[in-house]
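This report refers to the structure that appears directly beneath it.
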Amino acid sequence: MTLTLALVQILNGLQFGLILFLIAAGLTLVFGVMDFINLAHGVQYMVGAYLVAAFTAMTGSFVAGLALALPAALIFGLLLEVLIFRHLYDRDHLDQVLATFGVIIFLNQAVKYIWGAAPLNVSIPDALSGAVEITDGMLYPVWRLVIIAVGLAVGLALYLVVNKTKLGMLVRAGASNAAMVSALGVNIRLLFTIVFGVGAMLAGFAGAMVAPILSVEPGMGDNVLILAFVVIVIGGIGSIRGAFIAALLIGLVDTLGRFFAPTLLKLLLDPSAASQTGRAIAPMLIYILMAAVLFFRPSGLFPSKQ
Amino acid sequence: MNNLVDLDTPASPALATPPRASRAYVLPLIVFAIFALVPLSALWGSQSFILALVTRIMILALAAMSLDLLIGYGAMISFGHAAYVGLGAYSVAILASHGITDGFIQLAVALGVSLIFALFTGAISLRTKGVYFIMITLAFGQMLFFLGTSLAAYGGDDGLTLASRSMFFGSKFLKNDVAMYYVAFGVLLGAYLLLRAIVASRFGRVLRGIRENPVRMEAIGFAPYRYQLTAYVIAGMIAGVSGFLLANQTEFVSPAYTAWQRSGDLIFVLVLGGLGSLHGAIIGAAVFSLLADILSHYTENWALIFGPILILVVLYARGGITGLFGSKL
């Protein structure tokens, strides 16, 4: 029984980690290539979820909703880039942090204004709404398995694009030395706009995928944003591989920590104290992990800059 | 006021030249004079509302001013400074919930806890640079936020209401809002003078030197790490005191005090008022609070106006409000 529960928790952790990867992938590249710190990336995740909710309600089908939400998320991201972010590339990190913080304040309120403060529900396509039996008597929702499959597929596709194509080569070169790439005649601004758009769309995609299993509400991107930052800092800024490994690590540590910390502490403490401290420690685990990683490797696990 | 005069001779032309010494304290003097006279508004009525608002402004200013030592003078962009406000506030609330209401004990604990947390997290964070430093301070702040939400015995998510404000010398004089006001005023003034002295001292000069060029400072024999860590601890402790005051003023604490958005607000306040001047933090806090207060009277969607203001300030008002004044005063 415990083994089955552990399996379910591992699957949950994997699913959470892959969602984090979808968000962190764009963030780490934008960061790596343009040295631009974009707090509003989490908002993109929220906007993705709201767009899919709106389009699904409009068309009556999740698939059609998703098909409309993705280009809309892309356009929205590029619009933000042209209107605001473009003016911030030459500024220092403090200005970037503040201006994008302003974008968060505005958009969190804007979605509340448009869709209301109450959480929205999104229904899953019928074919994928059931559950499968993964072991004896243990059912697992199909949709979560879909998220895992899609996350892995996107991860693989990104790996191939970044490592095997000319565009990917330029992105990697941009992440390790943007000035040199620019001097060699590559239009780094255009490259960046592409990277930014794809990153924004991936974050929106992540939001769309979790919309059916989480409540779609204002501010839903805020905490995810912090987790995505933890991921890219552990993985090393600018590294897709680092983001992938760190995202899975964070997803698993967080999910398993919440589940097992109280149980493990019962070996040391009496049950009520164990569940108390366990619940207090579990949400802190990933931050302790991050501090530990940065203590030993101040530039993360796979730094892309020398 | 010797310290202010010292500011007139910056160590290097690269450092932001402060306004001429004879004028440098005009703006802070006006600000503190206004604060000192606010309780007289009782003569025109509606005192409690104004007192509470300005007390909150001064507490916010205290936290933002301590952050100025880090960002404005040390170029250490801490995105987790609200954590210390939370530590100070929870020190009061947790001790009070166990019946320890003596203000001196609570203050000592607030300072001690802030010191330990700043020393521990600062020692790790300062190993990193740039963006990594922003991120790791953010993460430590979040760590504390989640610790607060899981403290079921002390209210968890919902927070904790104080049974009473702190007692000093066995007296409950802090219950009086005017007394509360002047305590906050005194602390703000004291912290301002202390930070002025620190900034103008040798220590402050080294800190500003590190801000401009850490490699050069290291080459001429200063260890940046130690100076930065000391500044980090001082700033954390002052923010802890602001948390002590905040808990007393609102008679309530909650994990929301340590949320990362509050750390963002502190940076906003600082940049709005102007970095690296100390009194800029006070002016920023006043404008920030008044703006939020006035806008929220007109519309519940005040954030729709607030967000764009923040973006415009960053894009077009470099140097903040004191930057606009700087050349004239």
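Worth saying up front: this structure is predicted, and the values here are computed from it rather than measured. Below, chain A is the first sequence line, B the second, and so on; all start at residue 1.
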> Quick one: are the ring centres of A:F85 and A:F196 less than 6.0 Å apart?
Replying inline: yes
> Can you check whether A:V216 reaches A:Y50 side chain to side chain, under 4.5 Å on heavy atoms?
Replying inline: yes
>> So A:Q44 and A:L80, do their side chains get closer than 4.5 Å, heavy atoms only?
In response: yes
> If every non-hydrogen atom of B:L270 is compared with every non-hydrogen atom of B:A64, which pair is closest and at what distance?
Replying inline: CD1-O, 3.5 Å
> Based on non-hydrogen pairs under 4.5 Å, which of B:L312, B:I305, B:T128, B:V313 is most in contact with chain A?
Replying inline: B:T128
> Side chain, backbone, both or neither: which part of B:I134 has an atom under 4.5 Å from a heavy atom of chain A?
Replying inline: side chain
> What residue in B:G148, B:S150, B:S125, B:A123 has the most heavy-atom pairs under 4.5 Å with chain A?
Replying inline: B:S150
> Taking it one step at a time, do B:Q142 and B:F146 satisfy side chain to side chain contact (heavy atoms under 4.5 Å, CB included)?
Replying inline: CA-CA 6 Å; B:Q142 281 299 99; B:F146 284 116; 3.7 Å; yes
> If you count heavy-atom pairs under 4.5 Å between each of A:I226, A:D95, A:I37, A:N223 and chain B, which one has the most?
Replying inline: A:I226
> B:T121, B:V131, B:I267, B:D265: which one forms the most heavy-atom pairs within less than 4.5 Å of chain A?
Replying inline: B:V131
> Tell me, side chain or backbone of B:I136 under 4.5 Å from chain A's heavy atoms, or both, or neither?
Replying inline: both
> Non-hydrogen atoms of chain A under 4.5 Å away: do they reach the side chain of B:L275, the backbone, both or neither?
Replying inline: side chain
>> For A:L22 versus A:A206, what's the shortest heavy-atom pair and its separation?
In response: CB-CB, 3.7 Å
>> Tell me the closest heavy-atom pair linking A:A228 and A:I23, and the distance in Å.
In response: CB-CG2, 3.9 Å
>> side chain to side chain contact (heavy atoms under 4.5 Å, CB included) for B:H297 and B:D293? Distances and angles first, verdict last.
In response: CA-CA 6 Å; B:H297 273 295; B:D293 204 70; 3.8 Å; yes
> Among B:F145, B:F140, B:W302, B:W260, which has the most heavy-atom pairs under 4.5 Å with chain A?
Replying inline: B:W260
>> Would you say CZ of B:F120 has more than 12 non-hydrogen atoms from neighbouring residues, nucleotides or ligands within 6.0 angstrom?
In response: no
> By a 4.5 Å heavy-atom criterion (distance strictly below it), what part of B:L151 contacts chain A: side chain, backbone, both, or neither?
Replying inline: neither
>> Does any part of the side chain of B:L266, heavy atoms only, come nearer than 4.5 Å to the side chain of B:L60, both counted from C-beta?
In response: yes
> Which residues in residues 104-119 of chain A have a heavy atom less than 4.5 Å from any heavy atom of chain B?
Replying inline: A:I104, A:I105, A:F106, A:Q109, A:A110, A:Y113
> Run the side chain to side chain contact (heavy atoms under 4.5 Å, CB included) check on B:L229 and B:L119 step by step: do they pass?
Replying inline: CA-CA 7 Å; B:L229 186 58; B:L119 201 59; 4.2 Å; yes
> Within 45 degrees of the axis of the six-membered ring of A:F295 and under 6.0 Å from its centre: does B:R127 put its NZ or CZ there?
Replying inline: yes
>> Pair A:V233, A:V293 - check side chain to side chain contact (heavy atoms under 4.5 Å, CB included), show working.
In response: CA-CA 9 Å; A:V233 165; A:V293 167; over 6 Å; no
>> For A:L98, which atoms come within 4.5 Å of any heavy atom of chain B: side chain, backbone, both, or neither?
In response: both
> Between A:L289 and chain B, which part of the residue has a heavy atom less than 4.5 Å away: side chain, backbone, both or neither?
Replying inline: neither
> Just checking heavy atoms, which of residues 75-84 of chain B are less than 4.5 Å from chain A?
Replying inline: B:I77, B:F79
> So do the side chains of B:M135 and A:L294 get within less than 4.5 Å of each other, counting heavy atoms only?
Replying inline: no
> Under a 4.5 Å heavy-atom cut-off, does chain B meet the side chain of A:L94, its backbone, both or neither?
Replying inline: both
> Measuring heavy-atom distances to chain A, does B:E300 have an atom under 4.5 Å in its side chain, in its backbone, in both, or in neither?
Replying inline: backbone
> So, do A:F21 and A:V231 sit near enough that their side-chain heavy atoms are less than 4.5 Å apart?
Replying inline: no
> Is there a side-chain contact between A:F259 and A:D254 (heavy atoms, below 4.5 Å)?
Replying inline: no
>> Heavy-atom cut-off 4.5 Å, strictly under: side chain, backbone, both or neither for A:L88 against chain B?
In response: side chain
